[in-house]
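Atoms within a ligand are numbered from 1 in the order they appear, just like the ligands themselves.
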Amino acid sequence: MQKVLIEGGYPLRGVIRVSGAKNAVLKLMAAALLGKGSFVIHDVPQIKDVFTMIGVLSALGVEARFENSVLTLNIDQIHGEAPTELVREMRASIQVMGPLLARLGRVRIAKPGGCAIGDRPIDLHLKNLERLGAVIDERHGYITAHCSRLIGQEISLDFPSVGATENIMMAATLAKGRTVIHNAAREPEIVDVQNFLNQMGAKISGAGTSEIVIEGVPEDHIGNAEYTVIPDRIEAGTYLIAAAMTRGKIKLENVIPQHIQVLLSKLEETNAHLSVGPNTIVIEGGRNIQPANIITLPYPGFATDLQPQFMSLVTLAQGSSVIKETIYSHRFGHVEELRRMGADIQLDSNSAVVRGVKQLSGASVRAMDLRAGAALVIAGLAAHGTTEIAGVEHIMRGYEKMIGKLQAVGAKIIQVDGESD
Ligand code: UD1
């Protein structure tokens, strides 16, 4: 069991380069399954989720090579039986369903379970793949789906689900005729999936708006592509918040500021000073952190994946902040752990009232999920004394070289072997 030890109280100072976006690259990897050929993706982060997806693709028959942040997928014959253990390890593996179904006409995949932050059903994925012509059977914890060629349709999502939008987009790429997704999710990662698919030969427009149009193409139109994944906006946001909370000053490189516009204005509200360039952001934390309210919403609203980290920040504010979570039913696992460090947080269903305290103190805490873990790292960096974080494997799922990047900007943070528990 790996643990992270942090000696808090050192302002972050220096430069951090943001890695490629986890939530984009996993979908690009799934999208490649639609075609035969060679697919080269640049700036791929070395994180556990990417290795899990490489495992999923390899088990389906893909030849993968991953060197120096460049992932090459050579794809010829594949089959539609997704490997159960790996799929259970990572919910995003469900994104292989749409491409496999469209290309092979059949797929069998384990049903993803709930997770630490909520139930996370996939009803919108299944309902709309059925609308495109799939016959779906759910039995004994598995989903099997088959179809002859999928048929383009008008689709209206009940909720702008990121995963459902991407799965439908990928499936509709090979459908006969035109598919229009109304109330589509508008996240930047969806634009990345569109751009990659178009490079492969797809005909998709509208990603980034709530209406995406997919003109289906035959399978032999889809092939080789080379692409660079967008920077990870959640990683960028995490380090900005860490700099603000430690009253440090850092420069982020390889960042797209528009992708975190709401976070930037919220950081200014907390008294941080920002200087924004085309692909860089310099942040200097203010001495006195001011409170700020947030409500998580689908993009372009405040990202739920930055809610735990932002909560850490306002635990030290001079006043009270209200944080409302609307995307997930149980995304407050970090609250109990932040309280252990001295935070004053009251929970009332999907809202938290955070009354700022003068200081946090280091404690022994546990990361329950990826972003909750990042929130605890940030809190540990700002706290007095030593913080010990268990559950590090959750953090390593999604942050490339987090320990090294933080050490390079002055953090006293190390990873150690803890006792198994
Ligand atoms: C993606 C991100 C995740 C982020 C989330 C919201 C990846 C790998 N993960 O997850 O980090 O937190 O977007 O920005 O890209 N829902 C349903 N039925 C469905 C699908 C979703 O009820 O069929 C609900 C979910 O339970 C959840 C909400 O919709 O409460 C948002 O889910 P969704 O937008 O689909 O997120 P993911 O694609 O799973």
Side-chain angles (χ1 to χ4, degrees), residues 20-31 45 47-50 52-53 56 87 89-98 109 111-131 136 138 143 155-171 181 183-193 207 210 229-230 232-235 237-238 259-260 262-263 294-310 324-334 350 369-375 394-395 397-399:
K22 168 178 95 71
N23 287 350
V25 80
L26 296 174
K27 322 305 172 59
L28 305 188
M29 293 169 73
I47 50 174
K48 173 108 185 308
D49 276 7
V50 164
T52 304
M53 194 58 133
V56 171
V87 168
E89 229 170 78
M90 185 180 69
R91 297 184 47 82
S93 338
I94 195 69
Q95 301 304 140
V96 302
M97 192 174 169
I109 187 164
K111 225 173 146 172
C115 69
I117 57 177
D119 292 340
R120 303 184 77 176
I122 52 161
D123 54 314
L124 301 174
H125 300 235
L126 301 184
K127 180 167 108 177
N128 291 299
L129 289 174
E130 276 176 337
R131 206 170 149 70
I136 296 181
E138 289 181 70
I143 300 163
I155 284 175
S156 289
L157 292 178
D158 303 351
F159 175 85
S161 152
V162 174
T165 301
E166 293 163 338
N167 236 336
I168 298 161
M169 235 168 104
M170 295 189 282
I181 309 176
N183 197 27
R186 292 183 281 165
E187 271 68 2
E189 292 74 20
I190 292 173
V191 180
D192 225 30
V193 174
S210 51
V229 69
I230 51 167
D232 195 312
R233 64 195 165 99
I234 307 301
E235 188 199 16
T238 300
H259 289 174
I260 43 173
V262 184
L263 173 70
I294 58 164
I295 170 164
T296 65
L297 287 169
Y299 190 85
F302 193 98
T304 174
D305 287 353
L306 287 169
Q307 177 263 106
Q309 301 90 314
F310 197 83
K324 189 167 177 188
E325 172 61 55
T326 74
I327 306 294
Y328 292 113
S329 51
H330 295 98
R331 193 164 216 173
F332 282 129
H334 45 290
N350 69 342
D369 69 79
L370 171 58
R371 308 304 173 185
H394 291 297
I395 305 175
R397 272 189 41 221
Y399 286 92

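- Partners of E325 under the salt bridge (Lys or Arg N to Asp or Glu O under 4.0 Å) rule, at least two apart in sequence or in another chain, do not exist in this structure.
- Remark: F332 engages no residue in a ring pair (Phe, Tyr, Trp, His ring centres under 6.0 Å) (not counting sequence neighbours).
- N183 places a side-chain N or O within donor-acceptor distance of the main-chain N or O of L157, the cut-off being under 3.5 Å.
- Residues that satisfy the side-chain contact (heavy atoms from CB on, under 4.5 Å) test with A374, not counting sequence neighbours, are T238, Q309, Y399, M402.
- Looking only at distances, a side-chain donor or acceptor of R91 sits under 3.5 Å from a matching main-chain atom of R120.
- Of the residues listed (N350, D305, T296), the one engaging R331 in a side chain to side chain donor-acceptor pair (under 3.5 Å) is D305, and it is the only one.
- Under 4.0 Å from any atom of ligand 1, one finds heavy atoms of residues N23, K27, A92, R120, P121, I122, D123, L124, H125, F159, S161, V162, G163, T304, D305, I327, Y328, R331.
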